[in-house]
Amino acid sequence: MALPGTDQLAGLHQSLDLWFAETARDLPWRELDCSPWGILVSEVMLQQTPVVRVLPVWRDWMERWPTPAHLADEPSGEAVRHWGRLGYPRRALRLHAAAVAIRDEHHGDVPDSYPELLTLPGVGNYTAAAVASFAFGRRETVVDTNIRRVHARLISGHALPAPALTAAEMRLADALLPEDQPLSVRWNASVMELGAVVCTARSPKCTDCPVRSSCAWLAAGEPPPSYTPKGQSWHGTDRQVRGAVMAVLREAAIPVPREMFEQPPADLGFAPSGVGIPLAALHRLNSAPEQLERALDGLVSDGLAEIHDGGLRLPA
């Protein structure tokens, strides 16, 4: 793999910068008046979750909790409740914990540097770099799945990046990052956007790519991936059962007795309503008793549910 020369790299920077200015999706966390808190929330929500699912939940959160202090003043269970069906609800707990830390340790303001952001609960290398870049205009190397895929094809000539982030990928991303600070922020955003809407994993739209003439993967004849990505199963898994239980807890205003999860109520001849709707959906899964037990006990041990008055509820 040969890195682009100085002139070629400048051309890549310029081409993607112009393309992004003309075609970037209109997303609320990209608005100039979006707060650093709004950007932090979006970055956590967007992890492993498509934009179309995040948008309504993000808008609800920002209306309900426009600052970290607003969220920190609520029980953590409310963060889980309003996380909805985004999946991986522990992210909601981490955001709540980060909001508490921001309120108590940073005077209510999201920290503006990568090292300080890393001190927040649940904030890792990617999120710290992304918030520092997109919220505060810092020159930071942002590397997500979309950026890794663009780098793999454009520079390395591979159909897909390695299954896990490598040190070599980070060195490549560092080398490609513009020295100019504002341009570095736009480069992070534009490469991410290219991977999300053009250089996609399964059906890349190469004819729409603004840098296709420089793409090492196209030049190599589009070689196939060296491995087959493993899709995440859902139906019949513990994750599906946990999600169904969480749907019940989000709807419930009072603790739900354990036996209600385990046994469907008697058929009274009319459709369920309220908490009965997600309960009916849970019972239709016909989960094995041991699988349901794992789900209930796992949610309690993960802090996503707690036992109160003999039943389960969202954390207080």
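- Checked against ring-ring contact (aromatic ring centres under 6.0 Å, His included), His96 has no partners two or more places apart in sequence or in another chain.
- A salt bridge between Glu222 and Arg153 is absent, with no side-chain N of the basic residue lying under 4.0 Å from a carboxylate O of the acidic one.
- Using a 4.5 Å cut-off between side-chain heavy atoms of Ile, Leu, Val, Met, Phe, Trp and Tyr, with links allowed through other members, Val191 and Leu18 fall into different hydrophobic clusters.
- Put simply, CG on Leu172 and OG1 on Thr141 are 10.5 Å apart, with the number rounded to the nearest 0.5 Å.
- With sequence neighbours excluded, no residue forms a ring-ring contact (aromatic ring centres under 6.0 Å, His included) with His158.
- No more than 12 heavy-atom neighbours from other residues, nucleotides or ligands sit within 6.0 angstrom of CD on Glu63.
- Without hydrogens or angle criteria, Gln263 side chain to Glu259 main chain gives no donor-acceptor distance under 3.5 Å.
- In this structure, the side chain of Arg212 does not engage the main chain of Leu218 through any donor-acceptor pair within 3.5 Å.
- With sequence neighbours excluded, the residues satisfying salt bridge (charged side-chain N to carboxylate O under 4.0 Å, His left out) with Asp17 are Arg186.
- Thr127 and Gln47 are linked by a side-chain donor-acceptor pair at a separation below 3.5 angstrom, with hydrogens and angles left out of the test.
- Gln14 CD: 12 or fewer foreign heavy atoms inside a 6.0 Å radius.
- In terms of the side-chain hydrogen bond (donor to acceptor under 3.5 Å, both in side chains) criterion, residue partners of Glu43 (sequence neighbours excluded) are, by chain and number, Tyr126.
- For CG of Asp174, the number of neighbouring non-hydrogen atoms (other residues, nucleotides, ligands) closer than 6.0 Å is greater than 12.
- Side-chain N or O atoms of Trp37 include none that pairs as donor or acceptor with a backbone N or O of Ala99 at under 3.5 Å.
- No donor-acceptor distance shorter than 3.5 angstrom exists from the side chain of Arg138 to the backbone of Ser113, with no hydrogens or angles considered.
- The shortest heavy-atom contact between Ser15 and Pro210 is CB-O, 4.2 Å.
- The shortest heavy-atom contact between Pro315 and Leu93 is CG-CD2, 4.2 Å.
- For the pair Gln291 (side chain) and Gly236 (backbone), a donor-acceptor distance under 3.5 Å is present.
- Judged purely by atom type and a 3.5 angstrom limit, Ser133 has no side-chain atom pairing as donor or acceptor with the backbone of Ala130.
- The main-chain N or O of Leu71 is never found under 3.5 Å from a side-chain atom of Arg103 such that the two would form a donor-acceptor pair.
- Ion pairing between Asp238 and Arg242 fails under the 4.0 Å rule for side-chain N and carboxylate O.
- Residues Leu177 and Asn188 form a side-chain contact, since some pair of their non-hydrogen atoms from C-beta on lies under 4.5 Å apart.
- Remark: Trp83 engages Trp61 in a ring-ring contact (aromatic ring centres under 6.0 Å, His included) (not counting sequence neighbours).
- Remark: Arg90 CZ to Asp302 CG distance equals 4.0 Å, nearest 0.5 Å.
- The shortest side-chain heavy-atom distance between Val241 and Phe261 does not fall under the 4.5 Å cut-off.
- Across all non-hydrogen atoms, the minimal contact from Pro204 to Cys199 is CB-CA, 4.3 Å.
- Trp29 and Val110 fall within a single hydrophobic cluster, where Ile, Leu, Val, Met, Phe, Trp and Tyr side chains are chained together by heavy-atom contacts under 4.5 Å.
- Remark: His106 engages no residue in a side-chain hydrogen bond (donor to acceptor under 3.5 Å, both in side chains) (not counting sequence neighbours).
- Distance alone, capped at 3.5 Å, is enough to place a donor-acceptor pair between the His13 side chain and the Leu176 backbone.
- Contact record, Arg149 with Gly195: NH2-O, 2.8 Å, taken as the closest heavy-atom pair.
- Residue Leu117 is not grouped with residue Ile39 when hydrophobic side chains (ILVMFWY) are merged at heavy-atom distances under 4.5 angstrom, including chains of intermediate members.
- Counting heavy atoms from C-beta on, the side chains of Leu95 and Leu40 come closer than 4.5 Å.
- Residues Arg94 and Gly122 share a closest heavy-atom pair of CD-CA, 3.7 Å.
- The residues Glu74 and Arg81 are annotated as not salt-bridged, no charged nitrogen and carboxylate oxygen being separated by less than 4.0 angstrom.
- Scanning all heavy atoms of the two residues, the minimum distance from Trp58 to Cys34 falls at CZ2-SG, 3.9 Å.
- In this structure, Gln240 and His235 have side chains that are in contact, with non-hydrogen atoms separated by less than 4.5 Å.
- A donor-acceptor pair is defined here as one N or O able to donate and one able to accept, closer than 3.5 Å; such a pair exists between the side chain of His283 and the backbone of Met260.
- Exactly one residue among Val100, Val131, Ile102 makes a side-chain contact (heavy atoms from CB on, under 4.5 Å) with Leu120. That residue is Ile102.
- When atom types are taken as modelled, the side chain of Arg30 and the backbone of Ala24 share no donor-acceptor pair closer than 3.5 angstrom.
- Around the CZ atom of Arg85, the shell of radius 6.0 Å holds no more than 12 heavy atoms that belong to other residues, nucleotides or ligands.
- Residues Arg59 and Leu55 form a side-chain contact, since some pair of their non-hydrogen atoms from C-beta on lies under 4.5 Å apart.
- Criterion: ILVMFWY side-chain heavy atoms under 4.5 Å apart, direct or through other members. Under it, Val300 and Leu282 are part of a common hydrophobic cluster.
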